[in-house]
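Remarks on the structure that follows.
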Amino acid sequence: MSTWTHVGRCWTNGEPFLALDAELLPEWAGETGGDYEQLVPELDYDVTSIPVGSGRAALVLTDDEIGDEGWLEVFRADDGAVAVVQASAEHYPAALEAALALPADAGDPGDHVAVPTGRLAFISAALDGAGPQAAPLVPETPRSLPETDEHDQRQDDAGGPLLRATAHGFRIWVQWCTELDEDTAVARWLLVPSSGDIPSQ
């Protein structure tokens, strides 16, 4: 079973997030170049990555069955996998743990994204990847599980996390809205190291 560590979070107002190699950040102009406007008509649940410059970015298309705004919680596993969890629950930390414990192969398989520099950045697709209209990136910071899903402007202003990827590529697996009980629903985007193996849970 993988051991997961919470390393960052991103606040979404409903817009999707991108997970991409940091070298590609200047290639994404979501706000100033119209990239986000061009992306919106292409958004669909079966789209798990999009082209950015010479590479691809994993697409975290938030699940509106869980909520049209809220936190995307970012985790790293001891085997190099990365997970993004969206949750709606009365007991928020327990919901995050339950989402991470879901079998990896319960999700739908998606695309492969390369991370040749070993730096994996999470950014809002509605903003630019670099420059004045980009949110700042925050180096991953191991921390305890969030106690609440309430908005915190200080954490929102901090920007998306920048992870040290131990793999140079990932396969995406998406677990759409899963109701764990009448008060708890989660979605999970699992990035598995590019060996293609599904990590044991």
Side-chain angles (χ1 to χ4, degrees), residues 7-64 69 71-77 80-86 107-141 156-176 187-197:
V7 294
R9 61 195 328 209
C10 311
W11 180 264
T12 173
N13 291 308
E15 81 280 13
F17 269 68
L18 305 179
L20 70 169
D21 189 281
E23 190 172 60
L24 298 175
L25 289 170
E27 304 296 327
W28 182 257
E31 181 169 339
T32 61
D35 287 351
Y36 180 59
E37 184 178 350
Q38 295 176 41
L39 171 64
V40 169
E42 306 299 323
L43 295 176
D44 196 274
Y45 284 141
D46 62 356
V47 179
T48 58
S49 75
I50 61 169
V52 176
S54 59
R56 298 192 72 82
L59 177 68
V60 180
L61 178 61
T62 53
D63 195 320
D64 57 13
E69 66 175 18
W71 291 109
L72 299 174
E73 309 290 359
V74 183
F75 297 85
R76 176 205 286 285
V82 174
V84 181
V85 175
Q86 182 186 9
D108 298 324
D111 296 331
H112 175 274
V113 292
V115 189
T117 69
R119 297 180 300 143
L120 181 65
F122 287 82
I123 63 168
S124 167
L127 300 177
D128 293 350
Q133 301 306 318
L137 292 173
V138 180
E140 64 176 279
T141 304
D156 187 4
D157 289 342
L162 177 64
L163 276 61
R164 300 180 306 277
T166 58
H168 291 299
F170 295 91
R171 176 76 181 276
I172 307 163
W173 294 78
V174 184
Q175 178 92 23
W176 292 111
R188 183 187 67 185
W189 293 262
L190 182 65
L191 279 65
V192 179
S194 60
S195 61
D197 298 330

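Keep in mind that the numbers below use all heavy atoms, side chains included, and drop hydrogens, waters and symmetry copies. In this chain, residues are counted from 1 in sequence order.
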Can you name the closest pair of heavy atoms from [X] and [Y] and give their distance?
X	Y	answer
Pro161	Cys10	CD-SG, 3.4 Å
Arg56	Asp111	NH2-OD2, 4.4 Å
Glu69	Asn13	OE1-OD1, 3.7 Å
Leu24	Val52	CD2-O, 3.6 Å
Ala165	Val115	CB-CG1, 4.1 Å
Phe17	Thr12	CE1-CB, 3.8 Å

Going from [atom1] on [X] to [atom2] on [Y], what distance comes out if it is rounded to the nearest 0.5 angstrom?
X	Y	atom1	atom2	value
Gln86	Glu73	CD	CD	10.0 Å
Thr62	Trp71	OG1	CH2	14.5 Å
Leu18	Leu59	CG	CG	6.5 Å

Is any side-chain heavy atom of [X] closer than 4.5 Å to a side-chain heavy atom of [Y]?
X	Y	value
Leu20	Leu25	yes
Glu42	Val47	no
Leu39	Trp28	yes

Do Arg171 and Trp173 form a cation-pi contact, if we require the NZ or CZ to be under 6.0 Å from the six-membered ring centre and within 45 degrees of the ring's axis?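 That pair qualifies as a cation-pi contact.
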Main-chain N/O of Arg164 paired with Glu140 side-chain donor or acceptor, under 3.5 Å: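 Checked: pair present.
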Below 3.5 Å, can you tabulate the donor-acceptor pairs from side chains in residues 116-138 to any protein atom, sequence neighbours excluded?
from, atom 1, to, atom 2, distance (Å)
Thr117, OG1, Asp21, OD1, 3.0
Thr117, OG1, Asp21, OD2, 2.9
Thr117, OG1, Arg119, N, 3.3
Ser124, OG, Glu15, OE2, 3.1
Ser124, OG, Ala126, N, 3.2
Asp128, OD1, Gly30, N, 3.2
Asp128, OD1, Glu31, N, 2.9
Asp128, OD1, Thr32, N, 3.1
Asp128, OD1, Thr32, OG1, 3.4
Asp128, OD2, Thr32, OG1, 2.8

Kindly assign one of parallel, tilted or perpendicular to the pair Tyr45 and Trp176, based on the angle between their ring planes and the thresholds 30° and 60°.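 Rings of Tyr45 and Trp176: tilted, 30 to 60°.
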Those residues that, when tested against Tyr36, pass ring pair (Phe, Tyr, Trp, His ring centres under 6.0 Å) (two or more places apart):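 Result, ring pair (Phe, Tyr, Trp, His ring centres under 6.0 Å) vs Tyr36: none returned.
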